[in-house]
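What follows is one structure encoded as C-alpha cells, with my remarks underneath.
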Amino acid sequence: MPHSPPMYTHYTDDPVEAAKFISSDKLVVFPTETVYGLGGNALSVAAVESIYEAKRRPSSNPLIVHVGAIADLSRVVKEITPSAHAFMEAFFPGPITLVLPRHPSLPKVVSGGLDTIAIRMPSLPVSLRFLRAVGFPVAAPSANLSGRPSATTWRSAAEDLDGRVSCILRGPNAIVGLESTVVDCTGRSPILLRSGAVSLDALSSVVSDISTDAPNISRSPGLRYHHYAPSARVCIISTPDEAAPGDHAGYIGLAPPDSDAQFKKCVVARDVEEYSHNLFEFFRECDRSGVTMIYCQSLAETGLAYALMDRIKRAAKAAK
C-alpha cells in the first residue's frame, strides 16, 4: 500500500476540539496515564485502516478499543464475563486492558481478524473528557511508529506522527510510562497476557485463579512483533560497574554510577515507578543525542518491575 502524502497536523489543548476530528473519521493523538494513544473511530473500517497505515503497524496486530463510559462497551463486546466484571469493578478506569469476545458488528480489522477484542477505560481526566466528547469507542494503539519506543509525551508522539495524523491533543506526560496490563477474560479463568502497572498480585487479589500460562498471546496487542526498541543497542546489566562509559553510552537504573564514570545520557531513578516513567523517553533522548549503547540496570522481577523488565528485555532483543 503506498504511503499517503504528508498532511497538516493540528495541535490543541482542548479535548472537545480534538474529539471533532474523530467524528470525521480522522486520527487524533491523545494522552493517557500509560502512554499516548493514536486514536480513530473503532466502528469505521476506513478509520481503523488509516491507523495501521499511519503507524506502519502490521494489520494482524490487534488494537485496543478505548471507551469513556461502560455503556459504550455494548457496541464493542459480545459478552462481559464474570472475571471481566470483577476486574472492571476493581480497576476501571485505570491502566488495564481486558480481552473479551468481539461484538459481531465491530469490524474485524480492529481485532486483527480475531473474534476477541481488547478494551480499556483510561483514568487520566483529559483522556476521559476526550473519549466522552467523542461519544463512541475509539481504537488506539500507542502513538508511535511501529517498533519504536512508545511515546510518553506529546512531543515524542509528534516526532513520529506529525504529518501522519490530523490532530495532536497536547496533554501531560504519561504518569505510568509503560503500556497497560492486558488480561484475557474470555475463558473460565483469566490469563495475564501482558504485564503492566496493575500487577499480578493485584489481579490475584480480585480473581484468585488468574494464570500466567498464555497459550494464545496473539489476542494481546503489542506481543507478536518487536517493540520498544531505540536505534541504540540495549544492554541489561546488574550494576553500573558493568557499563562502559563514554560519549557513545547511556545509563538508566536505580544505582548511581561511579562519580568518575561519564555517560552522554544518564538517569538515576529514585524508585521503580520513576524508572518505569522515564524509560521510553530516555530511549528517545539517547537516540536524539547519538547514543549507540544504552545500559539498563536489571531489577528483581516483582510488582511493577516485572513489567519494566519485560519492556527492557524486548528492547534488548529488538535493538540492533
Side-chain angles (χ1 to χ4, degrees), residues 1-12 14-32 35-79 97-122 126-146 151 157 160-169 180 219-222:
M1 180 184 296
H3 293 309
S4 300
M7 66 179 68
Y8 171 74
T9 298
H10 177 74
Y11 289 76
T12 182
D14 183 357
V16 176
E17 181 183 15
K20 294 176 182 177
F21 288 87
I22 298 283
S23 299
S24 302
D25 271 7
K26 296 177 181 178
L27 302 187
V28 175
V29 167
F30 65 100
T32 79
V35 297
Y36 269 69
L38 168 59
N41 182 353
L43 308 177
S44 165
V45 171
V48 173
E49 287 178 342
S50 66
I51 292 174
Y52 284 107
E53 181 182 355
K55 189 176 167 70
R56 299 176 185 163
R57 181 185 179 97
S59 60
S60 58
N61 196 355
L63 306 179
I64 295 175
V65 174
H66 293 62
V67 298
I70 296 297
D72 292 337
L73 292 178
S74 63
R75 307 173 75 176
V76 178
V77 303
K78 182 179 179 180
E79 172 192 6
T97 293
L98 305 179
V99 176
L100 288 166
R102 180 181 56 83
H103 194 286
S105 65
L106 186 70
K108 269 197 170 183
V109 65
V110 184
S111 61
L114 301 175
D115 289 327
T116 56
I117 190 66
I119 56 99
R120 155 162 148 75
M121 181 186 290
V126 66
S127 307
L128 290 174
R129 288 197 297 272
F130 167 70
L131 292 166
R132 289 167 182 170
V134 171
F136 50 78
V138 172
S142 55
N144 55 285
L145 293 177
S146 189
D160 282 10
L161 296 173
D162 185 276
R164 304 181 69 85
V165 300
S166 294
C167 179
I168 293 178
L169 174 57
S180 59
R219 289 182 174 180
S220 174

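FYI, side chains are in, hydrogens and waters are out, and symmetry mates aren't considered; it's all heavy atoms of this structure. Positions are given from 1 along the sequence. Because the structure is predicted, anything quoted here is derived from the model rather than measured.
Scanning both residues, Pro107 and Val45, for their nearest heavy atoms gives CB-CG2, 3.7 Å. When all heavy atoms of Leu128 and Pro122 are compared, the pair lying nearest together is CD2-O, 3.1 Å. When every heavy atom of Pro58 is checked against every heavy atom of Ser146, the shortest pair comes out as CD-OG, 3.9 Å. Shown here for Thr9 and Leu161, the closest heavy-atom pair between the two residues is OG1-O, 4.2 Å. Considering every non-hydrogen atom in both Thr97 and Ala118, the closest pair reads CG2-CB, 3.5 Å. For Leu63 against Ile117, the heavy-atom pair with the smallest separation is O-CD1, 4.1 Å.
Annotation: side chain of Ile51 is not in contact with side chain of Arg57 (no heavy-atom distance under 4.5 Å). No side-chain heavy atom of Ile168 sits under 4.5 Å from any side-chain heavy atom of Tyr36. Side-chain contact between Lys55 and Asn144: present, with at least one pair of heavy atoms (C-beta onward) separated by less than 4.5 Å. A heavy-atom distance below 4.5 Å is not found between the side chains of Leu106 and Pro137.
Take Phe136 and apply the ring pair (Phe, Tyr, Trp, His ring centres under 6.0 Å) test, not counting sequence neighbours, and it matches no residue. Not a single side-chain hydrogen bond (donor to acceptor under 3.5 Å, both in side chains) links Glu79 to another residue, sequence neighbours left out.
A donor-acceptor pair is defined here as one N or O able to donate and one able to accept, closer than 3.5 Å; no such pair exists between the side chain of Thr12 and the backbone of Leu169. Remark: side-chain polar atoms of Ser111 are not paired, donor with acceptor, to backbone N or O of Pro62 under 3.5 angstrom. For the pair Arg164 (side chain) and Ala54 (backbone), a donor-acceptor distance under 3.5 Å is present.
The stretch residues 42-62 participates, sequence neighbours left out, in no ring pair (Phe, Tyr, Trp, His ring centres under 6.0 Å) pair at all. Evaluation of the salt bridge (Lys or Arg N to Asp or Glu O under 4.0 Å) test over residues 97-108, restricted to residues two or more places apart or in two chains, returns Arg102-Asp115, Lys108-Asp115.
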List the atom pairs, with distances to 0.1 Å, where a side-chain N or O of residues 19-28 and a protein N or O form a donor-acceptor pair under 3.5 Å, not counting sequence neighbours.
from	atom 1	to	atom 2	distance (Å)
Ser23	OG	Ala19	O	3.4
Ser24	OG	Lys20	O	3.4
Asp25	OD1	Asn41	ND2	3.3
Asp25	OD2	Ser44	OG	2.8

For residues 64-75, please give each side-chain donor-acceptor pair under 3.5 Å, one per line with the distance, not counting sequence neighbours.
from	atom 1	to	atom 2	distance (Å)
His66	ND1	Ile64	O	3.4
Ser74	OG	Ala71	O	3.0

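Inspection of the Ser127 and Thr32 side chains reveals no N or O donor paired with an N or O acceptor under 3.5 Å.
Distance check: His103 NE2 to Ile119 CD1 gives 14.0 Å after rounding to the nearest 0.5 Å.
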